[in-house]
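A quick write-up on the structure given underneath.
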Amino acid sequence: MTHTSGRTRVVILGGGFAGVYAALELEKAVARGEDLEIVLVNKENYFVFQPMLPEVISGTIGLLDVVSPIRRLLPRTDLHVREVESIDLEAKVVITSPGFRPHPHEIRFDHLVLALGSVTDFRGLRGLAEHAFPFKNLGDALALRNHVIRALDEASIERDDESLRRQLLTFVVAGGGFSGVEVVAELNDFVRAVARSYPALDPREIRVVLLHSGERILPEVAPSLAVFAQDILMRRGVEVRFKTALEAATGDAAILRGGESIPTKTLVSTVPSFPHPLLERLPLAKGKNGRLLASGHLQAEGRADVWTLGDCAVVPMADGSPSPPTAQHATRQAAVLAHNIVASRRGALLRTFDFKGLGKMGSLGHRSAVAELPGGIKVSGFVAWWIWRTIYLTKLPGWGRRLRVASSWTLDLFLPPELVQLKLGGSHGVTQEHFEPGQDVFREGDLGDRVYLVMSGSAEVWKAAQGAESKLARLGPGDWFGEMALLNQTTRGATVRCLEPMDALSLPKTEFTVLAANLPDLRRSFERVMEARRAPPRSSGG
């Protein structure tokens, strides 16, 4: 995409609290007459209200009640529903993932806002990437809910393997911060409530475990509130393990540091959390935890055109301490950032971020919570739960969304939890594709996104030169193609066009990269094919 509007373009990467609220504040400036073009890049077309996400597990609120369409929230913003592939700060270009056709997608910027947030990163923890459920987004919540229902269904009919039955009825959550405590509270309420719908299950068989490496859960709040939370969870049947760290996982157990294992088929890990991996490659100053160092004006250190906020940034407050990575701080940072972008265009003074916070709250499920309010006021139990719900209900974007959530909460008082397991089909691994004669499988210059193996039919390889196309090769059953762009990390060097009706296996880039990295012989065979294809054809004239 070429930057031709003539207006100052602000490109925001990330659609969480930080990114969406930055765009909201910039839209207010546009409404006042500022000549700005706002572009937001996010991998989903919706904004997730994270504080209520754990309630999706129990079905207390509907699946879509915690999400809002970004296009409705930001009518003056150009939304690109894409993953970010790379950022060139010197050329002022963002490269995003391809859409239906794998051609390069470039977005030029005058100001870049990095609000990519954090990701669950299981590096260094054996087996967690394969066997643990992260809990960061709506897909994670849905996957966990479906898995839990499936585990209960399987346990209710398992008669032959008692150890498997125990694994199915054991649910482990790692991480005793707000996220882990809220997840384990909702999970515990849900499995114990729906177990009544399974005559073959004895509620006493259910085991819910919370692992925490510290001496008390919820280190973010006062000790008295943490102790209250611990007591509530334990009374409701949660087994809280202190000074216990998760070290590894298999499909059958959570492995603890020290060698102990907890047999389970359900492991949820809310830790560790790291900044988006894309930030590692940027030549910007970072703190020890990999988060970008920001000035009090929200600019990335050393740059006047790059701004950063939210979970991925270390934002200093007035006293020099880093701003906590919470939604309330992100939204206030967004207001300061938007003001400063406008001020920088005018050559006006920039505002310094300073916000002390309005307290902390955490839900414990089943009409109970803990809250630390301004002035050091500590509240727990039903009153804290009522405050938690009231405040977050008012913070939800849009009256329609608030009405939906309020209705769900009201119905939850009278109706049992839903037990529907949503099985969403579709494979993201190896798939089979069909092509008709004349159809391009991919075009020269496209981004390399997958490798193909011809099963039947044929295709031809064409390359453009001096305004004309020349045929390089013909491909038939058993031939691989498309690997050169992936191995060399370049765009497609030629066009592959179907000649006869063709069926092909399609292997996505991620899976192919893993295979090539771990099977040296496979990689070498591909490299030999690449060398042979680069060699000029021999003359038949001798």
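When reading the values below, keep in mind they use all heavy atoms of this one structure, side chains included, and skip hydrogens, waters and symmetry mates. Numbering starts at 1 and runs along the sequence shown.
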Determine, step by step, whether Leu40 and Leu74 satisfy the side chain to side chain contact (heavy atoms under 4.5 Å, CB included) criterion, reporting the C-alpha distance in whole Å, the side-chain angles of both residues, the deciding distance to 0.1 Å, and the verdict.
CA-CA 9 Å; Leu40 188 143; Leu74 303 170; 4.0 Å; yes

Is the backbone of Phe442 close enough, under 3.5 Å, to the side chain of Asp440 for a donor and an acceptor to pair up by distance?
no

Would His80 and His105 satisfy side chain to side chain contact (heavy atoms under 4.5 Å, CB included), going step by step from the backbone distance to the final call?
CA-CA 10 Å; His80 293 232; His105 189 78; 3.1 Å; yes

Which atom of Thr96 lies closest to which atom of Leu447, heavy atoms considered:
O-CD1, 4.2 Å

Could Arg145 and Glu186 be called an ion pair, given the rule that one side-chain N must be under 4.0 Å from one carboxylate O?
no

Where Leu114 and Thr308 come nearest, the two heavy atoms and their spacing:
O-OG1, 3.2 Å

Atom NZ of Lys92 with >12 non-hydrogen neighbours under 6.0 angstrom
yes

4.5 Å side-chain heavy-atom contact, Arg108 and Val39:
no

Is it the case that Glu55 and Trp409 place a side-chain donor and acceptor less than 3.5 Å from each other?
yes

Polar side-chain atom of His276 near backbone of Leu278 as donor-acceptor pair, under 3.5 Å:
yes

May I ask you to check whether Asp479 and Tyr452 show a side-chain donor-acceptor distance below 3.5 Å?
no

Keeping the roles fixed (side chain from Asp110, backbone from Arg9), state whether a donor-acceptor pair exists under 3.5 Å.
yes

Starting at CG of Asn137, measure out to CD of Glu44 and round the result to the nearest 0.5 Å.
6.0 Å

Test item: Glu106 and Val94 side chains (from C-beta on) under 4.5 Å apart, heavy atoms:
no

Does either side chain, that of Ser163 or that of Asp161, offer a donor lying less than 3.5 Å from an acceptor on the other one?
yes

Are side-chain N/O atoms of Thr270 and Lys136 paired as donor and acceptor at under 3.5 Å?
no

Nearest 0.5 angstrom please: Phe171 CZ to Leu210 CG, how far?
15.0 Å

Which of Arg166, Arg192, Arg165 passes salt bridge (charged side-chain N to carboxylate O under 4.0 Å, His left out) with Glu205? Answer is Arg165

Could you go step by step and tell me if Leu144 and Phe135 meet the side chain to side chain contact (heavy atoms under 4.5 Å, CB included) rule?
CA-CA 8 Å; Leu144 177 58; Phe135 198 83; 4.2 Å; yes

Looking at Lys463 and Glu469, is there a salt bridge between them, counting it only when a charged N and a carboxylate O are closer than 4.0 Å?
no

Is the number of heavy atoms from other residues, nucleotides or ligands within 6.0 Å of NZ (Lys509) greater than 12?
no

Determine, for Arg402 against Asp65, whether the closest basic-nitrogen to carboxylate-oxygen distance falls under 4.0 angstrom.
no

Minimum heavy-atom separation for Ile206 and Ala195, please, with both atom names.
CD1-CB, 3.7 Å

Say whether, by atom type as modelled, one donor and one acceptor occur between the side chain of Arg492 and the main chain of Met484 under 3.5 angstrom.
no

Show your reasoning for whether salt bridge (charged side-chain N to carboxylate O under 4.0 Å, His left out) applies to Glu460 and Arg497.
CA-CA 5 Å; Glu460 292 177 328; Arg497 187 167 298 136; over 6 Å; no

Sidechain-backbone polar pair: His147 side chain, Lys265 backbone, donor-acceptor under 3.5 Å:
yes

Could you check whether any side-chain N or O of Gln167 sits under 3.5 Å from a backbone N or O of Pro263, counting only pairs where one atom can act as donor and the other as acceptor?
no

Does either side chain, that of Gln432 or that of His434, offer a donor lying less than 3.5 Å from an acceptor on the other one?
no

Does some side-chain heavy atom of Val430 sit less than 4.5 Å from a side-chain heavy atom of Ser506?
no

Looking only at heavy atoms, what is the nearest atom pair of Ala23 and Thr77, with distance?
CB-OG1, 4.0 Å

Please report the interatomic distance CG(Leu507) to CZ(Phe512), rounded to the nearest 0.5 Å.
7.5 Å

Distance col, row Lys471:NZ vs Thr495:OG1, nearest 0.5 angstrom, shows 14.5 Å

Please report the closest heavy-atom contact between Val496 and Ala459, naming both atoms and the distance.
CG1-CB, 3.9 Å

Considering only distance and modelled atom types, tabulate donor-acceptor pairs under 3.5 Å from the side chains of residues 173-184, sequence neighbours left out.
| from | atom 1 | to | atom 2 | distance (Å) |
| --- | --- | --- | --- | --- |
| Glu182 | OE2 | Ser363 | N | 3.0 |

Testing the basics here: between Thr266 and Ala151, what is the closest heavy-atom pair and its distance to 0.1 Å?
OG1-CB, 4.5 Å

Working to the nearest 0.5 angstrom, can you tell me the gap between Leu13 CG and Phe109 CZ?
8.5 Å

Arg159 side-chain N/O to Ser156 backbone N/O, donor-acceptor pair under 3.5 Å:
yes

Taking Gly117's backbone N and O only, do any of them form a donor-acceptor pair with Asp311's side chain (distance below 3.5 Å, no angle check)?
no

So, Glu85 and Ser97: side-chain donor and acceptor under 3.5 Å apart, yes or no?
no

Check the pair Leu64, Arg404 against side chain to side chain contact (heavy atoms under 4.5 Å, CB included), reporting the backbone distance first and the verdict last.
CA-CA 9 Å; Leu64 298 180; Arg404 289 175 186 270; over 6 Å; no

Close side-chain approach of Asn289 to Phe274, heavy-atom, < 4.5 Å
no

Would you say Asn188's side chain and Ala185's backbone share a donor-acceptor pair under 3.5 angstrom?
no

Working to the nearest 0.5 angstrom, can you tell me the gap between Leu201 CG and Leu169 CG?
5.5 Å

With heavy-atom distances below 4.5 Å as the criterion, would you say the side chains of Leu125 and Leu246 are in contact?
no

pair Tyr392-Val405: side-chain heavy atoms closer than 4.5 Å
no

Within the 4.5 Å heavy-atom criterion, are Leu89 and Val306 side-chain neighbours or not?
yes

Could you tell me whether the side chain of Phe49 reaches within less than 4.5 Å of the side chain of Val67, counting heavy atoms only?
no

Quick check: does any side chain N or O of Glu27 sit under 3.5 Å from a backbone N or O of Arg76, one acting as donor and the other as acceptor?
yes

